[in-house]
Amino acid sequence: MKVRAAVAYQSQPSFLIEELEMSDPGPENILVRLVGCGLCHTDVKAREDTMGVPMPAVLGHEGAGIVESVGERVTKVKPGDHVVLTGDSCGACPTCLAGNPAYCDLMTPLNLTDGRAGEPGSFHKGGVAIHGHFFGQSSFANYAVTRERNTIPVRKDAPLEILGVLGCGVQTGAGAIMNSLHPPAGSSIAIFGAGPVGLSAVMGAVVCGCSVIIAVDVLESRLAMARQLGATHTVLARRQAKTADEIQQIVPGGVGYAFDTTGRADSNQQALESLAAKGCFGFCAVPAEAPKMSRVMIRGLSIRGIVQGDSVPDSFIPRLVELHMDGRFPFDKLVAKYPFEKINQAIGDQAAGNVVKPVFTFAF
Ligand SMILES: [Zn+2]
Ligand SMILES: [Zn+2]
């Protein structure tokens with residue numbers, strides 16, 4: 001069958017919308033008609049430096065859509081079901097079996113490097129393989145081929161067009177707070193970086209009942225959004241400024257929890273210095289250099305690296321949908337919708353700080 005996709009070529013500075021041929025999805029897979037797909041930083045990074053993804057490739061890993069058809073061995077979903085797509089995991093390695101699919105031993109091949117050229121449901125154009133199955137989905141296309149492992153059924157009265165963002169960026173931020181750090185009600189937390197992941201963390205901290213939620217960012221517009229989503233305080237980060245001192249003024253002695261989404265060494269350092277004794281620091285992006293460790297020992301701090309918010313997608317994504325439908329998780333406020341054809345414009349708008357989280361909608 002034919003699909004319309006945004007193809008990343010290493011030689012091209014932007015995505016090209018092209019018509020591709022897709023082979024039969026096969027007995028193990030699910031064919032999903034995309035309704036919406038979020039843009040995540042990893043899509044942009046993979047196009048710029050491949051991250052090991054074989055090129056050319058169809059990227060996109062925050063898809064949501066409707067099951068079109070299923071292979072004969074698929075039992076989890078049926079045609080017509082509404083589904084959110086998320087990263088793939090094997091389900092059989094010791095890490096998956098222990099309930100930690102975000103750290104699957106096959107994470108890199110399944111989500112990035114495999115490409116799965118020639119396998120069921122793969123793309124080609126004029127006989128040339130176009131790699132797919134990025135994060136088990138390649139959802140910058142009007143159809144995606146997925147597996148039961150990374151296809152999550154959701155209730156049909158939820159706004160399907162925007163639900164795809166729950167499958168990566170939003171679960172990464174909200175999950176880091178709700179699953180990984182799980183601060184108790186009444187505790188204090190500082191969240192560094194108020195992009196889509198940091199703002200999702202703010203909403204997660206609200207769900208957890210934190211009484212002090214401090215958002216830190218370099219953009220006042222994003223801090224305003226953080227306040228709208230439940231941050232009790234905001235700190236404008238400036239070059240050379242000690243944001244930790246401002247946080248210590250808000251919470252004398254320091255906050256109990258800090259979460260960094262920026263991947264910047266200076267931000268990591270300020271996060272550690274903003275913590276009270278025995279505080280816990282979580283991070284979901286790797287800085288070029290490690291922060292100084294002396295304070296970690298002297299103040300008895302803990303450090304947690306966190307992937308995908310420790311999400312078990314089959315339970316966590318429907319939980320986020322429930323919270324949203326109850327009005328307790330307003331992630332729709334982050335979203336700016338674009339027709340799929342405007343993908344390159346959306347990337348520019350996000351880079352310029354004009355929008356927080358682009359979501360592409362499919363009209364064909
Ligand atoms: Zn992502
Ligand atoms: Zn695994």
Side-chain angles (χ1 to χ4, degrees), residues 6 8 15 28 34 36-53 57-64 84-114 116 132-141 144 146-152 162-176 180 193 195-201 204 261-263 283-286 305-314 316-317 320 331 334-335 343 346-347 350-351 355-360:
F15 288 98
E28 315 271 357
L34 271 299
C37 183
L39 172 72
C40 178
H41 178 66
T42 308
D43 298 308
V44 178
K45 190 162 160 37
R47 199 206 55 209
E48 285 171 355
D49 70 10
T50 80
M51 296 176 69
V53 177
V58 178
L59 305 176
H61 63 288
E62 290 189 347
V84 170
L85 309 180
T86 187
D88 205 1
S89 58
C90 78
C93 71
T95 313
C96 280
L97 291 174
N100 299 305
Y103 305 93
C104 173
D105 296 0
L106 298 178
M107 169 63 85
T108 301
L110 282 178
N111 291 287
L112 296 171
T113 56
D114 240 10
R116 293 199 237 163
H133 301 287
F134 185 64
F135 283 80
Q137 49 183 291
S138 287
S139 42
F140 286 167
T146 65
R147 303 197 309 137
E148 288 184 324
R149 286 286 303 171
N150 70 323
T151 305
I152 315 299
I162 62 167
L163 294 186
V165 303
L166 300 178
C168 182
V170 173
Q171 79 172 5
T172 292
S180 317
V197 175
L199 290 168
S200 300
T261 68
T262 68
F283 66 102
C284 66
V286 183
I306 305 165
V307 172
Q308 293 290 340
D310 285 344
S311 174
V312 177
D314 274 312
F316 193 53
I317 289 174
L320 293 178
F331 74 95
L334 310 182
V335 166
I343 181 168
I347 290 168
Q350 192 194 38
V355 298
V356 178
K357 185 74 173 173
V359 166
F360 308 119

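Atoms within a ligand are numbered from 1 in the order they appear, just like the ligands themselves. Values below: every heavy atom of this structure, side chains too, minus hydrogens, waters and symmetry copies.
Considering CG of Asp43 and CE of Met51, their distance stands at 9.5 Å, rounded to 0.5 Å.
For the pair SG of Cys40 and NE2 of His61, the angle whose vertex sits at the Zn ion (ligand 1) is 110° to 10 degrees. Here the angle centred on the Zn ion (ligand 2), running from SG of Cys93 over to SG of Cys104, is 120°, rounded to 10°. The angle that Cys96 SG and Cys90 SG make at the Zn ion (ligand 2), rounded to 10°, works out to 120°.
With salt bridges taken as basic N to acidic carboxylate O contacts below 4.0 Å, one links Lys45 and Asp49.
The side chain to side chain contact (heavy atoms under 4.5 Å, CB included) test with Phe135 is passed by exactly one of Asp88, Thr42, Thr86: Thr42.
There is no side-chain donor-acceptor pair under 3.5 Å between Thr95 and Asn100.
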